[in-house]
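Sequence positions, counted from 1, serve as the residue numbers for this chain.
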Amino acid sequence: MSKGQIRELHETIRRDRDEVRSGFLDTLPAGGKVDRERLRRIAQVDRIELYRTEGARNTAEYVSAVCHISKWKARRLIEAAHSLESLPHISAALEAGSLSLDKTVELTRFATPETEKKLLRWARKVTVGCIRQRGDEALAQPKENIEAAHHNRELKLNWADHGLYFEGFMPHEQAVAFVEEVDRLAHELPEDPDALPVLFEGQEAPSMGQRRLDSLFLLTTSGGGHSAATPSVVVHVPLEVLAVGDGNGVADNGQVLDPEVVRMLCCDSRLQTVVEDPAGHPLGVGRETATPPRWLRRLVLKRDGHTCTFPGCGMKRFLQLHHVRHWSQGGPTDYRNLATVCPVHHALIHKMGWTVLIEDGEVTWLQPRARRYEPGPVPPDPPAEPVRRKALHAEAAAVSGLDRLIAVLAA
């Protein structure tokens, strides 16, 4: 093929890709309108208690049956439907297709009319899991749930012909330490199947579930396996939570912990103090080293939701910390100069000309021509201020018939 033919072929491929991309993005607003209208109808169904004439016990059961979804998801949709009535910006973003239904449902759990604009900008850059995690941190767990978890702890042992089946439930204060130690030992077990306590015939290597079982066996039969040291559990918690109990703690794996559980874990532990600047941001180690210490890495990962900050990535393994201002150009190893990235998107920065910025603790990605990367359709213009119908009706109802007659005659 000639150079002209090759160039024409590349141009055709580019046009086809652009057409497919545009066609796909054009379908999002239509889906958003359908989702928003469905939530409006769900709110109406709940207000008039339609379930009473449909053979259901409550609205969640009725919506679950009609929409073929779980009752848990139905309850979330009902809560979101009512919350959206006071969140015009999030409602408009859903209707325009620039915010998914899943993100909307999670965001309405803790967004308020005062915070929805800022939260909406943040939510478009992160995954649904990050929004759910923030909601779990913001919402206090009822004390009844903590007490129920303690009373429901259980381990069932069922013997079979060839071994033992077991299942159980463990409350958070026990589970975080248990999982930390089992996984630590599971990763330390040798790769050679013949060196394991159990022979795996016909397998090249044991699965993670098998390694966990072997590590549990070692922990319960050899006084702690390779090490009998107390497992290290990292919990992020503000000092006022320990003192007052108003708020939640977060384990290093992202598990949200009730303040009472945090205080229980702190009974026999050591505390690490993190120094913050006047703006409330943790300090780093400056130009002392290019490698972030473990305590700084934990703080950056927690800020970024233990996931790659590239919009929509969601990668949680093999994470790296990138210096926003490169170390070779004098950038410090500080909290405000580090961003969490996966190896694939780290290569975009160093090989493909992408850049990242950190503004108010949020990581923003820029394309090679310094254009802000926004996946999906552009967010809609801010909606007009909603009419306060309830307030107007209340004011009208407060005026008696005589007062209205006097007003008309005076006019």
Side-chain angles (χ1 to χ4, degrees), residues 122 124-134 136-137 175-176 178-193 203-215 226 231-236 250-256 282 284-285 289-328 331-358 361-368 373 375:
W122 166 77
R124 284 175 47 80
K125 303 175 185 177
V126 300
T127 63
V128 177
C130 288
I131 304 175
R132 183 181 298 115
Q133 173 73 20
R134 186 160 175 179
D136 291 342
E137 293 180 28
V176 289
F178 175 80
V179 172
E180 187 78 22
E181 186 65 2
V182 168
D183 280 359
R184 178 193 67 79
L185 188 54
H187 288 294
E188 292 181 3
L189 289 176
E191 293 291 338
D192 181 10
Q203 289 186 333
E204 296 181 357
S207 66
M208 187 58 185
Q210 292 169 330
R211 296 173 73 88
R212 282 173 172 155
L213 180 62
D214 294 333
S215 68
H226 298 298
S232 176
V233 178
V234 178
V235 177
H236 303 267
V250 182
D252 209 26
N253 62 1
Q255 178 63 57
V256 178
V285 295
T289 175
T291 304
R294 292 181 63 182
W295 65 267
L296 181 57
R297 177 181 175 84
R298 288 197 296 264
L299 291 174
V300 175
L301 289 176
K302 179 178 181 297
R303 180 199 67 196
D304 296 338
H306 295 271
T307 185
C308 175
T309 55
F310 187 86
C313 176
M315 183 69 172
K316 291 182 176 294
R317 300 184 62 191
F318 312 111
L319 297 176
Q320 304 168 351
L321 298 188
H322 167 71
H323 286 73
V324 175
R325 182 185 175 192
H326 297 318
W327 171 262
S328 60
T333 305
D334 287 344
Y335 179 82
R336 288 185 288 180
N337 194 49
L338 295 173
T340 307
V341 294
C342 68
V344 173
H345 293 115
H346 203 178
L348 281 184
I349 299 172
H350 291 280
K351 296 181 180 181
M352 305 300 292
W354 287 63
T355 55
V356 293
L357 299 175
I358 299 181
E362 296 180 6
V363 180
T364 300
W365 285 72
L366 303 178
Q367 293 175 296
Y373 179 65

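- In this structure, R298 contributes its side chain and V234 its backbone to no donor-acceptor pair below 3.5 Å.
- Distance check: Q320 CD to M315 CE gives 10.0 Å after rounding to the nearest 0.5 Å.
- Among all heavy-atom pairs drawn from T333 and A290, the shortest one is OG1-CA, 3.6 Å.
- For H322, the ring pair (Phe, Tyr, Trp, His ring centres under 6.0 Å) partners at least two apart in sequence or on another chain are H326, H346, H350.
- For H306, the ring pair (Phe, Tyr, Trp, His ring centres under 6.0 Å) test picks out no residue, with sequence neighbours left out.
- The two atoms that bring E137 and K302 nearest to each other are OE1-NZ, 4.3 Å, heavy atoms only.
- The shortest side-chain heavy-atom distance between I131 and V126 falls under the 4.5 Å cut-off.
- Of the inter-residue distances, the one linking Y335 atom OH with L321 atom CG reads 11.5 Å to the nearest 0.5 angstrom.
- Listed by chain and residue number, C130, K316 satisfy the side-chain contact (heavy atoms from CB on, under 4.5 Å) test with T307 (two or more places apart in sequence, or in another chain).
- Heavy atoms of other residues, nucleotides or ligands lying less than 6.0 angstrom from CE of M208 number more than 12.
- Ring geometry for H345 versus F310: interplanar angle under 30°, hence parallel rather than tilted (30 to 60°).
- Between H323 and P332, the closest heavy-atom pair is CD2-O, 3.4 Å.
- Under the 3.5 Å distance criterion, the side-chain polar atoms of T340 are left unmatched by any main-chain donor or acceptor of T309.
- Counting heavy atoms from C-beta outward, R294 and R297 have side chains that stay 4.5 Å or more apart.
- Among residues two or more places apart in sequence or in another chain, the salt bridge (Lys or Arg N to Asp or Glu O under 4.0 Å) test is passed with D304 by none.
- Considering CG of L338 and CG of L301, their distance stands at 10.0 Å, rounded to 0.5 Å.
- Scanning all heavy atoms of the two residues, the minimum distance from V176 to A251 falls at CG1-CB, 4.2 Å.
- Annotation for A339 and V324: closest pair CB-CG2, 4.3 Å, computed over non-hydrogen atoms.
- With sequence neighbours left out, R212 forms a salt bridge (Lys or Arg N to Asp or Glu O under 4.0 Å) with D183.
- Partners of K125 according to the side chain to side chain donor-acceptor pair (under 3.5 Å) rule, which considers only residues two or more places apart in sequence or in another chain, are T364.
- Contact record, C308 with V341: SG-CA, 3.9 Å, taken as the closest heavy-atom pair.
- Note: W365 CH2 to T355 OG1 = 9.0 Å, rounded to the nearest 0.5 Å.
- In this structure, the separation between CZ on R211 and CG on L185 is 9.5 Å, given to the nearest 0.5 Å.
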The test is side chain to side chain contact (heavy atoms under 4.5 Å, CB included); show your working for H236 and L299 and say whether it passes. CA-CA 8 Å; H236 303 267; L299 291 174; 4.0 Å; yes
